Colleague: 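Here's a structure for you.
Please read all numbers here as calculations on a predicted model, not as lab measurements.
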Amino acid sequence: MAEEIAGDDVLDAYSRVVSGVAEHLIPRVASLRIHSRRGDSSGSGVVLTGDGHLLTNAHVVGDGSEASAEFADGTTAQARVVGVDRLSDLAVLRADREIPDPPEYGDADHLKVGNLVVAVGNPLGLAGSVTAGVVSALGRSLPVSSGSAQRIIEDVIQTDAALNPGNSGGALADGNGRVIGINTAVAGIGLGLAVPINPTTRRIIYSLLHDGRVRRAYLGLVTTPAPLRPSLAERFDQRAALRVVEVIPASPAAAAGLRQGDLVLAVNGVPLRDAQSLQRQLFEDAIARRTEITAIRNNALVDVIAYPAELTDR
């Protein structure tokens with residue numbers, strides 16, 4: 001009997017957390033209908049700022065420039081697309097009237113596998129739907145493209161909170177109701193993916209808000225994380241680097257002399273341990289800037305100088 005009571009207490013606590021997050025977020029997640037030349041499409045959007053901005057997925061917006069947003073209390077607004085970044089699958093819209101205040105945004109870099117998460121969105125047109133689950137895995141990768149430009153969204157959150165079409169652009173929140181991800185994909189039954197809210201995506205969102213686009217630098221490297229041998233790990237005080245899988249011909253990396261098989265340790269003295277640690281350095285301020293790249297080639301240390309170009313969609 002005591003065990004049953006204890007189990008009931010746990011379930012009650014779980015229910016209180018989920019219902020509390022739902023109560024906080026449902027008013028702040030809109031059902032979006034995007035208007036484009038190809039017709040209307042739907043998804044979800046989360047209030048981003050107190051002056052009417054909404055955050056959603058780039059693939060929800062598509063090639064549309066106008067949208068309608070409807071909130072749980074019946075409030076409706078027209079919205080225009082402020083900026084789209086397909087290489088992070090994020091987009092920002094601006095409503096034409098007052099909308100609910102934004103929720104608190106957290107930092108997905110502090111998540112751990114097993115943490116409780118709550119997804120709020122409008123799957124299959126069913127507004128204000130809530131599902132709950134746990135963080136199933138961290139550090140997943142999601143390939144995205146825009147024109148000829150291709151990129152990997154790193155540190156994608158995997159969750160078993162049920163997602164369905166229409167959840168895209170909705171909120172993934174922690175147990176305190178802080179938005180730590182934007183739901184982006186249904187990868188299978190019991191497997192959903194969300195773009196994390198972290199320092200890198202915050203920088204992207206800031207650029208979309210203020211400039212309507214994200215300017216990125218381009219080196220022309222295709223890399224994969226690779227562990228360092230114990231002797232090298234001890235020597236350089238890091239356990240992993242980025243192995244160069246391909247150097248794009250006529251790219252800044254090719255001009256600098258980087259080669260397939262090189263192990264890139266650092267850029268401008270900052271150690272590289274995963275693809276995101278390189279991508280963090282390839283924003284607007286790196287374009288055409290002298291960039292020092294440290295690599296290992298045939299067990300020897302190699303330093304090269306590159307001048308990143310601006311990444312375009314062509």
Colleague: Strictly distance-based, threshold 3.5 Å: is any side-chain N or O of Asn57 a donor or acceptor partner for the main-chain N or O of His59?
Modeller: no
Colleague: Ile205 and side-chain contact (heavy atoms from CB on, under 4.5 Å): which single residue from Leu90, Thr49, Ile182 fits?
Modeller: Leu90
Colleague: Does Ser44 reach the main-chain N or O of Asn122 with its side chain, forming a donor-acceptor pair under 3.5 Å?
Modeller: yes
Colleague: Show which side-chain atoms of residues 106-116 pair as donor or acceptor with protein atoms under 3.5 Å away, not counting sequence neighbours.
Modeller:
unit_1	atom_1	unit_2	atom_2	d
Asp107	OD1	Asp109	N	2.9
Asn115	OD1	Lys112	N	2.8

Colleague: Ignoring hydrogens, what is the shortest heavy-atom contact between Arg86 and Gly62? Give both atom names and the distance.
Modeller: NH2-O, 2.8 Å
Colleague: Hydrophobic clustering (ILVMFWY, side-chain heavy atoms < 4.5 Å, transitive) - are Val304 and Leu219 grouped together?
Modeller: yes
Colleague: Mind checking the CG-CZ spacing from Asn268 to Arg290? Nearest 0.5 Å is all I need.
Modeller: 9.0 Å
Colleague: If you look only at pairs with a residue in residues 22-37, which of them pass as a salt bridge (charged side-chain N to carboxylate O under 4.0 Å, His left out), with sequence neighbours excluded?
Modeller: Arg37-Asp63
Colleague: Would you name the heavy atoms of Pro308 and Thr291 that are closest together and state the gap between them?
Modeller: CD-OG1, 3.3 Å
Colleague: Is there any salt bridge (charged side-chain N to carboxylate O under 4.0 Å, His left out) pair reaching into residues 225-241, and which pairs are they, with sequence neighbours excluded?
Modeller: none
Colleague: Rounded to the nearest 0.5 Å, what separates atom CZ in Arg80 from atom CZ in Arg94?
Modeller: 6.5 Å
Colleague: How close do Ala30 and Ala69 get, counting heavy atoms only, and between which atoms?
Modeller: CB-CB, 4.1 Å
Colleague: Any pair with a residue in residues 40-61 that passes salt bridge (charged side-chain N to carboxylate O under 4.0 Å, His left out), sequence neighbours left out, goes on the list, sorted by first then second residue, please.
Modeller: none
Colleague: Is any side-chain heavy atom of Ile293 less than 4.5 Å from a side-chain heavy atom of Asp303?
Modeller: no
Colleague: Tell me whether Leu242 shares a hydrophobic cluster with Val247, the cluster being built from Ile, Leu, Val, Met, Phe, Trp, Tyr side chains joined at under 4.5 Å.
Modeller: yes
Colleague: Given side chain to side chain contact (heavy atoms under 4.5 Å, CB included), test Val120 with Val118 step by step and report yes or no.
Modeller: CA-CA 7 Å; Val120 179; Val118 180; 4.3 Å; yes
Colleague: Check whether any side-chain heavy atom of Ile180 sits under 4.5 Å from a side-chain heavy atom of Ile157, and report yes or no.
Modeller: yes
Colleague: For Val29 and Ala171, work out which heavy atoms get closest and say how close.
Modeller: CG2-CB, 4.1 Å
Colleague: Can Glu310 and Arg213 be counted as an ion pair, charged N to O under 4.0 angstrom?
Modeller: yes
Colleague: Rounded to the nearest 0.5 Å, how far apart are CD1 of Ile204 and CG of Leu209?
Modeller: 12.5 Å
Colleague: Atom OG of Ser68 and atom CD1 of Ile34: how far apart are they, to the nearest 0.5 Å?
Modeller: 7.5 Å
Colleague: Is there a path from Leu55 to Val82 through hydrophobic residues (I, L, V, M, F, W, Y) whose side chains come within less than 4.5 Å of each other?
Modeller: yes
Colleague: Are side-chain heavy atoms of Leu87 and Arg216 found at a separation under 4.5 Å?
Modeller: yes
Colleague: I'd like to check Val179 versus Leu172 (side-chain heavy atoms, cut-off strictly below 4.5 Å). Are they in contact?
Modeller: no
Colleague: Should Asn183 and Ser168 be marked as a side chain to side chain donor-acceptor pair (under 3.5 Å) after you check the CA-CA gap, both sets of side-chain angles, and the distance that decides it?
Modeller: CA-CA 5 Å; Asn183 298 316; Ser168 290; over 6 Å; no
Colleague: Could you tell me which non-hydrogen atom of Pro196 sits nearest to which non-hydrogen atom of Val156, and how far apart they are?
Modeller: CD-CA, 4.2 Å
Colleague: Can you measure from CG (Leu93) to CD (Gln78) and round to the nearest 0.5 angstrom?
Modeller: 11.5 Å
Colleague: I'd like to know whether Ile287 forms a side chain to side chain contact (heavy atoms under 4.5 Å, CB included) with Tyr307, so could you lay out the CA-CA distance, the side-chain angles of the two residues, the decisive distance to 0.1 Å, and finally the verdict.
Modeller: CA-CA 7 Å; Ile287 297 171; Tyr307 292 86; over 6 Å; no
Colleague: Only pairs at least two apart or in different chains count here, so list each salt bridge (charged side-chain N to carboxylate O under 4.0 Å, His left out) that has a residue in residues 242-270.
Modeller: Asp262-Arg297
Colleague: Pairing donors with acceptors under 3.5 angstrom, does anything connect the side chains of Asn198 and Thr201?
Modeller: yes
Colleague: Is there a side chain to side chain contact (heavy atoms under 4.5 Å, CB included) between Ile99 and Phe71 once you walk through the steps?
Modeller: CA-CA 8 Å; Ile99 60 176; Phe71 292 87; 3.7 Å; yes
Colleague: Honestly curious: do Val92 and Val60 fall in one hydrophobic cluster under the side-chain, below-4.5 Å linking rule?
Modeller: no
Colleague: Can you check whether Gly20's main-chain N or O pairs, donor with acceptor, with His24's side chain at less than 3.5 Å?
Modeller: no
Colleague: Phe283 versus Arg203: any side-chain heavy-atom pair under 4.5 Å?
Modeller: yes
Colleague: Taking the side chain as everything from C-beta on, heavy atoms only, tell me whether Ile296 gets closer than 4.5 Å to Val302.
Modeller: no
Colleague: With sequence neighbours excluded, tell me which residues meet salt bridge (Lys or Arg N to Asp or Glu O under 4.0 Å) with Glu284.
Modeller: Arg215
Colleague: So, do Val222 and Ile248 sit near enough that their side-chain heavy atoms are less than 4.5 Å apart?
Modeller: yes
Colleague: With a 4.5 Å cut-off on side-chain heavy-atom distances among I, L, V, M, F, W and Y, is there a chain of contacts connecting Leu25 to Ile197?
Modeller: yes
Colleague: Measure the shortest side-chain to side-chain distance between Leu228 and Gln238 over non-hydrogen atoms and say whether it is less than 4.5 angstrom.
Modeller: yes
Colleague: If only atom types and distance count, is the side chain of Thr159 paired as donor or acceptor with the main-chain N or O of Val134 below 3.5 Å?
Modeller: yes
Colleague: First locate atom CD1 of Ile26, then atom CG of Asp73, and finally report the distance between them rounded to the nearest 0.5 Å.
Modeller: 12.0 Å
Colleague: So which atom in Ala306 and which in Pro252 form the shortest heavy-atom distance, rounded to 0.1 Å?
Modeller: CB-O, 4.2 Å
Colleague: So among Asn167, Val195, Leu163, which one has a side-chain contact (heavy atoms from CB on, under 4.5 Å) with Thr184?
Modeller: Val195
Colleague: Please test Asp85 against Leu208 for side chain to side chain contact (heavy atoms under 4.5 Å, CB included), starting from the C-alpha separation and ending with a verdict.
Modeller: CA-CA 8 Å; Asp85 182 51; Leu208 292 176; 4.1 Å; yes
